[in-house]
4 protein chains.
Amino acid sequence: MLINIDASNGLAIYDQVVRQIKYAVANGTIREGELVPSVRELARDLTINPNTVARAYQQLQSANVLDSVRGTGLIVKKSATAKCRKERVTLLRQRIREVFREAKQSRLDFPELKSLVDEELERVNSTKPANGESE
Amino acid sequence: MLINIDASNGLAIYDQVVRQIKYAVANGTIREGELVPSVRELARDLTINPNTVARAYQQLQSANVLDSVRGTGLIVKKSATAKCRKERVTLLRQRIREVFREAKQSRLDFPELKSLVDEELERVNSTKPANGESE
Amino acid sequence: MLINIDASNGLAIYDQVVRQIKYAVANGTIREGELVPSVRELARDLTINPNTVARAYQQLQSANVLDSVRGTGLIVKKSATAKCRKERVTLLRQRIREVFREAKQSRLDFPELKSLVDEELERVNSTKPANGESE
Amino acid sequence: MLINIDASNGLAIYDQVVRQIKYAVANGTIREGELVPSVRELARDLTINPNTVARAYQQLQSANVLDSVRGTGLIVKKSATAKCRKERVTLLRQRIREVFREAKQSRLDFPELKSLVDEELERVNSTKPANGESE
DNA sequence: GTGGTCTAGACCACC
DNA sequence: GTGGTCTAGACCACG
């Protein structure tokens with residue numbers, strides 16, 4: 001499955017769907033012109049309400065990622081891949097910058113921040129390969 | 001005052017106040033035994049609702065950072081500095097971990113993530129105002 | 001063929017087909033007794049779903065514009081030209097009235113509306129290709 | 001009341017709300033910085049479901065017309081008035097152009113179109129409410 | 001089958 | 001009180 005919902009992380013479900021679809025488009029898991037799963041199908045798979053999926057899909061339409069084809073479904077728009085790829089980097093950069101700003105404001109000294117970051121970077125790197133898609 | 005509220009970043013205002021007070025205690029900007037600004041004063045300075053400040057202060061009291069002194073106001077508890085200093089690292093680590101989790105989920109490859117992080121780390125280091133030993 | 005489908009303007013495709021067939025009958029592009037293109041052919045030409053064409057043709061039959069001839073196809077009924085010509089004005093008047101109602105509701109002042117209309121009227125007049133006698 | 005809902009005109013209710021709020025902002029009926037009616041209040045007044053109003057308001061937020069102030073309500077953003085005013089003209093122009101394109105395609109001859117338009121323009125002008133445009 | 005809209009009712013965080 | 005989210009269930013138009 002392309003999407004994992006974490007109901008308890010504070011992020012709205014529809015927003016998790018939006019982001020993960022964008023990520024899937026960014027890294028080519030879903031290609032331009034392809035149909036995304038239907039509202040009802042995705043809702044069933046994630047065991048969430050169809051309205052929630054519909055809401056996510058609507059946001060993706062107004063973000064120019066998806067396009068609705070009447071009676072057929074929703075397809076990934078041309079040029080969405082590049083768009084999502086850029087956006088992914090921008091988004092992450094923003095969030096990283098935000099956290100670093102907060103660290104700076106807390107006056108954590110730079111070496112300590114750096115070691116903290118490196119530690120966590122190492123951590124995420126080591127767990128990364130494990131989480132392939134073997135299912 | 002050392003608090004910056006960003007009303008538009010999705011984080012609860014009271015939570016931003018809580019975190020930033022903790023940081024201020026951690027780095028000695030507010031010392032143990034000192035009075036924090038009154039609810040009304042802080043609310044006026046930040047142009048936020050006094051109830052929001054009150055709520056933040058309540059949380060800080062139940063977190064053993066502040067103590068109410070009858071007829072006087074709220075002071076920073078003894079031992080709060082050490083406590084907050086420890087917590088500061090924990091809080092920042094959490095936020096860093098969150099961001100990295102998101103990066104991993106987006107399948108950005110590790111080298112790209114690393115360069116992104118290093119870039120921003122460099123950036124925050126160079127713009128740091130009063131740097132060096134923060135304590 | 002004289003039909004242009006705009007899949008992205010919110011109007012139902014079958015309805016665009018219906019209206020444009022009526023217009024074609026009204027201005028004599030298709031004459032009484034003539035065969036209209038087959039469902040499959042029109043669907044192929046417009047690259048839309050055959051069901052959609054079929055639906056449009058059904059509506060045109062119940063509107064007494066088309067008549068089915070067994071084993072042959074659909075032909076324009078006798079008296080359909082006059083009928084469609086009348087209806088053409090009615091249909092256009094309706095749409096014009098709708099737009100003006102919207103303008104009024106938006107409280108655009110009348111002079112501004114008038115100049116907008118005149119401007120666009122000028123525009124359509126100058127770009128009109130084969131004008132004059134519509135038959 | 002600033003908004004009239006016509007349940008039977010084919011347009012989605014939330015969309016009617018969106019447009020009419022934009023119009024109200026465009027002509028200064030609601031000023032920048034002012035609160036719009038609360039979701040529940042407007043829903044009660046229009047006797048529609050609060051979710052429908054909420055949906056309209058969300059669209060207005062992503063269109064940079066409204067801004068949410070936590071626990072307070074939704075206010076009209078700075079610069080929204082100019083934005084809405086421009087958009088109003090653009091929108092109407094588009095719709096007028098569309099109708100004229102359709103008239104042209106139907107091969108209605110220009111004089112007939114012009115008289116149709118003038119007739120309806122006269123009509124809308126004479127029924128224009130209170131403040132008219134006798135100026 | 002598809003998406004789009006609407007209602008109803010519920011819970012949450014925040015002011 | 002405010003907006004924000006989610007569920008559930010319904011109806012529509014379209015292919």
Side-chain angles (χ1 to χ4, degrees), chain A residues 5 7-8 10-17 35-43 46-61 66-75, chain B residues 7 10-17 39 43 46-56 58-59, chain C residues 5 7 10-17 39 43 46-56 59, chain D residues 5 7-8 10-17 35-43 46-61 66-75:
Chain A
I5 295 303
S8 66
L11 260 180
I13 294 175
Y14 78 85
D15 200 54
Q16 297 183 47
V17 174
L35 281 165
V36 293
S38 82
V39 169
R40 291 161 173 87
E41 184 188 349
L42 188 54
L46 302 178
T47 57
I48 61 178
N49 191 288
N51 284 330
T52 305
V53 177
R55 181 174 182 179
Y57 280 1
Q58 273 160 9
Q59 297 229 151
L60 287 163
Q61 282 182 76
L66 297 184
D67 218 354
S68 142
V69 182
R70 303 169 85 106
T72 301
L74 296 157
I75 60 170
Chain B
L11 290 171
I13 293 175
Y14 83 93
D15 197 55
Q16 296 184 47
V17 174
V39 168
L46 303 178
T47 58
I48 61 178
N49 192 300
N51 287 330
T52 307
V53 177
R55 182 172 182 176
Q58 274 166 10
Q59 292 223 354
Chain C
I5 295 301
L11 291 171
I13 293 174
Y14 82 94
D15 197 54
Q16 297 184 45
V17 174
V39 169
L46 304 178
T47 57
I48 62 178
N49 192 300
N51 287 330
T52 306
V53 178
R55 182 171 183 177
Q59 290 223 356
Chain D
I5 295 302
S8 65
L11 261 179
I13 295 176
Y14 78 84
D15 200 54
Q16 297 184 46
V17 174
L35 281 165
V36 293
S38 83
V39 169
R40 290 160 173 87
E41 185 187 349
L42 187 54
L46 304 177
T47 58
I48 61 178
N49 191 287
N51 284 331
T52 304
V53 177
R55 181 174 181 179
Y57 280 1
Q58 273 158 10
Q59 297 228 152
L60 287 164
Q61 281 182 74
L66 297 184
D67 217 353
S68 141
V69 182
R70 304 168 83 105
T72 301
L74 295 157
I75 61 170

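A, B, ... follow the sequence lines: proteins, then strands. Residue 1 opens every chain.
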Next on the checklist: Heavy atoms only, 4.0 Å cut-off, all strands: where does B:Asn49 land among base, sugar-phosphate and nothing?
Outcome noted: sugar-phosphate
Checklist entry - Can you find a donor-acceptor N/O pair under 3.5 angstrom joining the side chain of D:Asn51 to the base of E:dG9? => result yes
Item to check | Gap between atoms OH and P, on D:Tyr57 and F:dT5 respectively (whole Å) | outcome: 16 Å
Checklist entry - A:Tyr57 and side-chain contact (heavy atoms from CB on, under 4.5 Å): which partner among A:Pro37, A:Ser68, A:Ser38? => result A:Pro37
Next on the checklist: Taking any heavy-atom pair under 4.0 Å as a contact, classify C:Ile13: base, sugar-phosphate, or nothing.
Outcome noted: sugar-phosphate
Checklist entry - Tell me: CD of D:Gln58 to C1' of E:dG4, nearest whole Å? => result 16 Å
Checklist entry - Across the strands shown, which category fits D:Gln61 at heavy-atom distances under 4.0 angstrom: base, sugar-phosphate, nothing? => result sugar-phosphate
Item to check | Among E:dC6, E:dC15, E:dT7, the nucleotide that comes nearest once only the side chain of D:Ile48 is considered | outcome: E:dT7
Checklist entry - Counting distance only, does the side-chain N/O of A:Gln16 pair as donor-acceptor with the main-chain N or O of A:Leu11 below 3.5 Å? => result yes
Next on the checklist: Strictly below 4.0 Å: does B:Tyr14 bring a side-chain N or O up to OP1 or OP2 of E:dC14?
Outcome noted: yes
Checklist entry - In whole angstrom, what separates D:Gln16's CD from E:dT5's P? => result 12 Å
Next on the checklist: So, does D:Ser38 get its side chain near the phosphate of F:dT2, meaning an N or O under 4.0 Å from OP1 or OP2?
Outcome noted: yes
Checklist entry - Is D:Thr72 close to D:Leu35 at the side-chain level, that is, under 4.5 Å between some pair of heavy atoms? => result yes
Checklist entry - Quick one: on DNA chain E, does D:Thr47 or A:Val39 contact a more 5' nucleotide (nearest heavy atom)? => result A:Val39
Next on the checklist: Return whichever of D:Pro37 or A:Val69 has its heavy-atom-nearest nucleotide of DNA chain F closer to the 5' end.
Outcome noted: D:Pro37
Next on the checklist: Nearest whole Å is fine: how far is E:dG4 P from A:Asp67 CG?
Outcome noted: 10 Å
Item to check | Protein-nucleotide distance (C:Gln59, atom CD; F:dG15, atom C1'), rounded to Å | outcome: 15 Å
Checklist entry - With both distances under 3.5 Å as the test, what is the Watson-Crick or G-U wobble partner of E:dG1? => result F:dC14
Checklist entry - Which heavy atom in D:Ala54 sits nearest to a heavy atom in D:Val39, and how many Å separate them? => result N-CG1, 4.1 Å
Item to check | Residue pair A:Asn51 / A:Asn49: nearest heavy atoms and the distance that separates them | outcome: N-OD1, 2.8 Å
Next on the checklist: With a 4.5 Å cut-off on side-chain heavy atoms, are C:Val17 and C:Ile48 touching?
Outcome noted: yes
Item to check | Between E:dG4 (P) and A:Arg70 (CZ): distance, integer Å | outcome: 10 Å
Checklist entry - At under 4.0 Å, does any side-chain N or O of C:Arg55 touch on OP1 or OP2 of F:dG15? => result no
Item to check | Under 3.5 Å donor-acceptor pair, D:Arg40 side-chain atoms to F:dG3 base atoms | outcome: yes
Checklist entry - Which whole-number value in Å describes the distance from A:Leu74 CG to E:dT2 C1'? => result 9 Å
Next on the checklist: Can you tell me if A:Thr52 touches the phosphate of F:dT5, counting only side-chain N or O atoms and a distance under 4.0 Å to OP1 or OP2?
Outcome noted: no
Checklist entry - Within this structure, what is the CG-to-C1' distance between A:Leu66 and E:dT2, rounded to whole angstrom? => result 14 Å
